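As structure tokens, the structure follows; a few thoughts come after it.
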Amino acid sequence: MDNLLTGSLDNISHHSENPDFEFIQHDVTRFISYEGEIDFIFHFASPASPFDYLELPIQTLKVGSLGTHNALGLARAKGATFLLASTSEVYGDPLIHPQTEDYWGNVNPIGPRGVYDEAKRFAEAITMAYHRTHGIDTKIVRIFNTYGPRMRLHDGRVVPAFVGQALAGQPITVFGDGSQTRSFCYVSDLIDGIFRLACSDCHEPVNIGNPREMTILEFAERIRELIPGAGSVVHEPLPVDDPKVRQPNIGRARSLLGWEPVVPFEEGIVETISYFREKCLV
Ligand code: UDP
């Protein structure tokens with residue numbers, strides 16, 4: 001189910017002939033009615049790129065609040081297990097590093113990023129309330145920066161932005177001085193972690209991400225080395241409230257799920273570049 005506000009049918013076209021697959025175009029902020037049985041609900045709906053949630057602040061707040069409420073209501077009605085896609089953004093601009101799940105975060109509620117951070121914090125709160133009050137089997141994954149094929153070329157996030165700019169021979173736009181850090185997880189590792197969490201009996205939030213951390217300037221240089229003809233780095237203003245550091249502590253995922261990422265950055269980024277290279281050719 002998707003309202004395709006930021007999603008694309010191209011990403012699921014390879015399932016179109018699969019009789020076990022059904023797509024429903026619907027906005028989860030409106031009441032969801034479904035006749036069949038449901039075992040699992042994976043609630044991933046939300047703009048997730050800072051560009052998108054700055055453009056769509058009210059939709060972002062509504063999908064995290066009303067959308068999560070509707071999806072939990074459906075889980076309750078169907079006796080389904082419910083998994084919430086939360087985010088490292090619940091930690092805001094973190095004052096402890098790396099981030100552990102018991103850190104409560106440092107979020108500006110009224111800043112431009114607050115629409116996403118607070119929506120996801122509310123989503124976590126209502127998920128725990130449904131678990132405690134109605135006994136729903138719920139899980140919460142806190143997803144850190146993830147990359148891989150099927151991201152949108154113009155989604156604004158740093159991986160498609162730098163790869164797209166480099167392939168087009170344009171300058172690489174590093175925001176601020178590029179000393180801010182991120183830790184990038186390849187998509188197949190993320191999916192493995194989420195699947196293990198869905199099958200577990202863990203109701204507390206679990207960080208899923210790759211602890212290998214780098215500065216954004218370092219990331220820009222890696223992309224320039226990998227893509228011949230890439231332009232040089234230009235600096236643009238740092239967005240408001242842009243977190244200065246981010247790295248997951250994955251101790252909980254390791255001990256409770258037996259999970260850790262296995263795809264090295266060097267491999268994942270090559271796969272991602274070939275995907276975008278094909279996209280740029282069509
Ligand atoms: N960033 C950048 N240039 C871009 C896009 C992003 O320097 O063209 C920086 C951004 O300021 C942030 C980091 O890259 O520090 C990661 O940004 P992204 O939008 O991918 O997601 P975030 O981790 O901030 O949620």
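This structure is a prediction, so every number in the text was calculated from the model and none was measured. Order of listing sets the numbers, starting from 1, for every ligand and every atom in it.
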When clusters are formed by joining ILVMFWY residues with side-chain heavy atoms under 4.5 Å apart, either directly or through shared neighbours, do Val240 and Leu54 land in the same one?
no
Between Phe40, Phe195, Phe44, which is the residue that forms a side-chain contact (heavy atoms from CB on, under 4.5 Å) with Leu83?
Phe44
Per-atom filter on ligand 1: closer than 4.0 angstrom to a heavy atom of Val174 are 7 (O)
Let me check something: any side-chain donor-acceptor pairs from residues 184-191 under 3.5 Å, sequence neighbours excluded? List them with distances.
from, atom 1, to, atom 2, distance (Å)
Asp189, OD1, Val262, N, 3.0
Asp189, OD2, Val262, N, 3.1
Asp189, OD2, Val263, N, 2.9

What is the nearest protein non-hydrogen atom to atom 9 (C) of ligand 1, stated with its residue, atom name and distance?
Gln180 NE2, 3.9 Å
Should we count CD1 of Ile110 as having more than 12 external heavy atoms under 6.0 Å?
no
heavy-atom search around atom 8 (O) of ligand 1 in the protein gives Thr173 OG1, 3.0 Å
Subset of ligand 1 atoms that lie under 4.0 Å from at least one heavy atom of Pro239
11 (O)
Among all protein heavy atoms, pick the one closest to atom 20 (O) of ligand 1 and tell me residue, atom and distance.
Val158 N, 2.8 Å
Do Arg212 and Ser183 have a side chain donor and acceptor closer than 3.5 Å?
no
Counting each atom of ligand 1 from 1 as listed, which ones have a heavy atom of Gly156 under 4.0 Å away?
5 (C)
So which protein heavy atom does atom 15 (O) of ligand 1 come closest to, and at what separation?
Asp242 OD1, 2.7 Å
What do you reckon, does Arg182 have a nitrogen or oxygen under 3.5 Å from a nitrogen or oxygen of ligand 1?
yes
Ignoring hydrogens and angles, state whether a donor on the side chain of Gln165 or Thr173 is under 3.5 Å from an acceptor on the partner side chain.
yes
Which bit of Arg113 is near ligand 1, meaning a heavy atom under 4.0 Å away: side chain, backbone, both or neither?
side chain
Are the charged groups of Asp242 and Arg182 less than 4.0 angstrom apart, N to O?
yes
If you measure from the Lys or Arg side-chain nitrogens to the Asp or Glu carboxylate oxygens, is any gap between Arg121 and Asp117 under 4.0 Å?
no
Pairing of Asp52 and Arg152 as salt bridge, 4.0 angstrom limit:
yes
What protein heavy atom sits nearest atom 1 (N) of ligand 1, and how far off is it?
Phe175 CD1, 3.5 Å
Glu89 neighbourhood, listing ligand 1 atoms whose heavy-atom distance to it stays under 4.0 Å
25 (O)
Can you sort out which atoms of ligand 1 are near Ala161, meaning under 4.0 Å from one of its heavy atoms?
8 (O)
Using a plain distance cutoff, I'd like to know if Ile216 has any nitrogen or oxygen under 3.5 Å from a nitrogen or oxygen of ligand 1.
no
Check whether any N or O atom of Val159, backbone or side chain, sits under 3.5 Å from an N or O atom of ligand 1, and answer yes or no.
no
Closer than 4.0 angstrom, basic N to acidic O: yes or no for Glu204 and Arg142?
no
Any N or O of Tyr53 that comes nearer than 3.5 Å to an N or O of ligand 1?
no
Just checking, any donor-acceptor pair under 3.5 angstrom between side chains of Asp241 and Asn108?
yes
Part of Arg246 within contact of ligand 1 (heavy atoms, under 4.0 Å):
side chain
Structural part of Phe162 in contact with ligand 1, heavy atom criterion under 4.0 angstrom
side chain
Atoms of ligand 1 under 4.0 Å from any heavy atom of Asn145, numbered from 1 in the order shown, are 21 (O), 22 (P), 23 (O)
